[in-house]
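Take a look at the structure set out below.
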There are 2 protein chains.
Amino acid sequence: MDNYRRAVEAALEKLLPPPPKGDPAAVVAEAMRYSLLAGGKRVRPVLTLAFCQLCGGSWRDAMPLACAVEMVHTYSLIHDDLPCMDDDDLRRGRPTCHKVYGEAMALLAGDGLLTLAFDTALCFYDPARGAGAARTLARLAGYRGMVGGQCVDLSTQGKAADLSLLQTMDQGKTVALIEAACRMGCMAASADREALSAASRYAQGVGMAFQIRDDLLDVLGDAHKLGKNTGMDAARDKTNYVSLLGLEAAQQQVDAYTQQAVEALEAFEGDSRFLREFALSLAGREA
Amino acid sequence: MDNYRRAVEAALEKLLPPPPKGDPAAVVAEAMRYSLLAGGKRVRPVLTLAFCQLCGGSWRDAMPLACAVEMVHTYSLIHDDLPCMDDDDLRRGRPTCHKVYGEAMALLAGDGLLTLAFDTALCFYDPARGAGAARTLARLAGYRGMVGGQCVDLSTQGKAADLSLLQTMDQGKTVALIEAACRMGCMAASADREALSAASRYAQGVGMAFQIRDDLLDVLGDAHKLGKNTGMDAARDKTNYVSLLGLEAAQQQVDAYTQQAVEALEAFEGDSRFLREFALSLAGREA
C-alpha cells in the first residue's frame, strides 16, 4: 500500500510541476497543486495500480490512468466544497481551495484538473487502449455517473429520500469513480470482459461500503482525525444511511458490501490478497 | 456554412438527448441541453469539419471531434457566466444557465459538458487517432491553454494590462480552443505536421481577429443584435484592445490577423475557399 501510494505521489508531483517564475497563469497551477498534492488516502489510484497488477500487467504502466482518476476525484472535491455547493471550509485538515485562492480561481482549478486528467490518461503507452480507458473515465465521471450523482444529491437536499434514491445517488457520487479506477486498471493489462465485470462488482461493494462507512463516521467520527467537519449531513438536513437505517443496520450493510467485494475477487487467477485486505481495511477504517 | 451548421446541430442533439422521464439526474442533463442547444454560430465545430475536408478527409468522420470542441466551448461559457466569474445574466439572447437552473446546477452542467466532450471525442472511429485529437483538445483547453487564459484574465482584472499580457490572455481564452478545433480537423484526416502547423497559424489569425473584433463590438455593438450586454469591459474596468490601441489601430489589427489566416491556407493543396471566406466574414461580422 505504502509503495503504491508513494509512487502515486511522485507521479502526481511530476505531472503537475510548480509553474515557472513569471508565468502569468501561475495562480491556477498553484491552486491545482494545492488540492492535488494535499495528501489523502489515494484510494482510487491505488485500486487502478492493484487491478492492473492483478490482471497480469505491470502496475507502473497503469500510472497515467491512476493519476487521471485521482485528478478527477480532486476536481470533484474542489467544486463540491464551493459556496454554491456544500460550502465547506475544511478538507484533509486544511482550508479548502476556495478559502485560499478565492471562488473563481477554485472553479478554474477544478476545471484545469478535470481537463488535465484526460491529457494524462491519454499518455498511456498504447494510444488505443488509453483511449478506451479515458472513455471509461469520461462515462463514469460524467452526467450519467458522478456528475449525475451530484445532481441527485442537490435535487434531494432538504427532501426526504428513500433507500433506492440514496443508492442511485451514491452509485453516482461514490461508486462510479471507484468503478472507473478498477476497470481502468484491468484495461491497462488488456483484461477480458469477465475481469471487467468482476472489477465492477468489487467497486460496487467497496464503494457502497466506503460510502455507508462515511455516513457512520459523519455521526460517530472525530473532526480532528478526519480532517473535515462531522455532523454535516444532520446539520444540512440530509438523509443518509444512518438516518434511514439506524447505526446497527448501516454497519451490517457495510459488512455485506465488503463481502461482495471480497467474493468478486474469486474471478481472478492472480494474487488478490492485497485487494482483499484493502476492501476489509476500508470497511473498518477510522479515518 | 449552413450545411455544416445544421449537421452540427443535429449531431449535438443526438449526443445529448432529452433525459428519460423519471431520471433522478434529469435536471443536470436539461441544464446541459439548455446551454449546448442554444444556437450560436458554431464557429469551432465548423472549423473542425472544414479542416478535415480541406486535408482530404470526409467532414462527416470528424463530427465527434467537432461536437467535442463545441461542448468544451459551451462549458467554458457556463462557468464564465457564473456569479463568481463574470456574473452575466444574458447569453445568446437568453438568461444564462445559472439564472435558469441555479448556480450549483450550472456548475455541474459545465462539468458534465467538459466530461462529455472527451467521451464524445473518443468516439472517433479510429481509437488511436481519436486519442491524439482528444489529447490536443485537453492540452489546449487546460491550464496551459484556455483555463490558463481565464486565470490571466482574473489575475489582471482591475489592473492595467499591457499589449503583451493581453495577447497572452487571449492566446489562452480565445485562440487555444480555435486552434484545437482546426488541428483536430486535420488530425481526423491524418494530415502531416506541416498541415498542423499551418492550421495553428490560421487559428492564431482568426482567433486574434475574432477577439479584437469582439472588443470592438463591446464598444460599438448593439446588445439586442449581439444577444449579450455591451460596454461590459469598460464597466468592469478591464483593459482591452480598444482601450489600449484605440478604435482605428484595433481595426487594423483585425485586418492584419485576418490576412495571416488567409495566407496560412496557402500551405494546403485542397480547396480552401470556404475557410478563406470564413476568415473574412469573421473579421467583418456584425454579430
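Worth saying up front: this structure is predicted, and the values here are computed from it rather than measured.
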**Report entry** Residue among Pro127(B), Ser76(B), Pro19(B), Cys151(B) with most heavy-atom pairs under 4.5 Å to chain A
**Finding:** Cys151(B)
**Report entry** Cys123(B) side chain reached by Arg135(A) side chain, heavy atoms, under 4.5 Å
**Finding:** yes
Report summary line: Rounded to the nearest 0.5 angstrom, the CG-SG distance for Leu82(B) and Cys84(A) is 7.0 Å
Query raised in the report: Quick one: what part of Phe124(B) sits under 4.5 Å from any heavy atom of chain A, side chain, backbone, both or neither?
Result: neither
Query raised in the report: Checking side-chain contact (heavy atoms from CB on, under 4.5 Å) for the pair Tyr143(A)/Thr115(B): CA distance, chi angles, key distance, verdict?
Result: CA-CA 8 Å; Tyr143(A) 78 106; Thr115(B) 313; over 6 Å; no
Requested in this report: Check whether any side-chain heavy atom of Leu122(B) lies under 4.5 Å from a side-chain heavy atom of Leu122(A), and answer yes or no.
Outcome: yes
Report summary line: CG of Leu107(B) to CE of Met85(A), rounded to nearest 0.5 Å, is 5.5 Å
Report task. Between chain B and each of Ala138(A), Pro83(A), Gly145(A), count heavy-atom pairs under 4.5 Å; write down the option with the most. Result -> Ala138(A)
Report summary line: Comparing Met169(A), Met146(A), Arg139(A) against chain B, the one with the most heavy-atom pairs below 4.5 Å turns out to be Arg139(A)
Report task. Return the option, out of Leu165(A), Asp126(A), Val28(A), with the maximum number of heavy-atom pairs under 4.5 Å with chain B. Result -> Val28(A)
Report task. Rounded to the nearest 0.5 Å, what's the gap from CD on Glu103(A) to CD on Glu103(B)? Could you check? Result -> 7.0 Å
**Report entry** Top contributor to chain B interface from Val152(A), Leu113(A), Leu16(A) [non-hydrogen pairs under 4.5 Å]
**Finding:** Val152(A)
**Report entry** Winner by heavy-atom pair count (cut-off under 4.5 Å) against chain A, out of Val27(B), Leu114(B), Leu116(B)
**Finding:** Leu114(B)
Query raised in the report: If you count heavy-atom pairs under 4.5 Å with chain A, which of His79(B), Arg144(B), His98(B), Met105(B) comes out on top?
Result: His79(B)
Query raised in the report: Between Phe118(A) and Phe118(B), how do the two ring planes meet: parallel, tilted or perpendicular, split at 30° and 60°?
Result: parallel
Query - Top contributor to chain B interface from Ala128(A), Gly132(A), Ala26(A) [non-hydrogen pairs under 4.5 Å] - result: Ala128(A)
Query raised in the report: Side chain, backbone, both or neither: which part of Leu108(B) has a non-hydrogen atom closer than 4.5 Å to chain A?
Result: both
Query - Engaged part of Met32(B) at the chain A interface, taking heavy atoms whose separation is under 4.5 Å - result: side chain
**Report entry** Separation of Asp111(B) CG from Gln150(A) CD (nearest 0.5 Å)
**Finding:** 8.5 Å
Query raised in the report: Who wins among Ala131(B), Ala134(B), Gly172(B) for the most heavy-atom pairs under 4.5 Å with chain A?
Result: Ala131(B)
Report task. With a 4.5 Å cut-off on heavy-atom pairs, point out which of Gly142(A), Gly148(A), Gly112(A), Pro24(A) contacts chain B the most. Result -> Pro24(A)
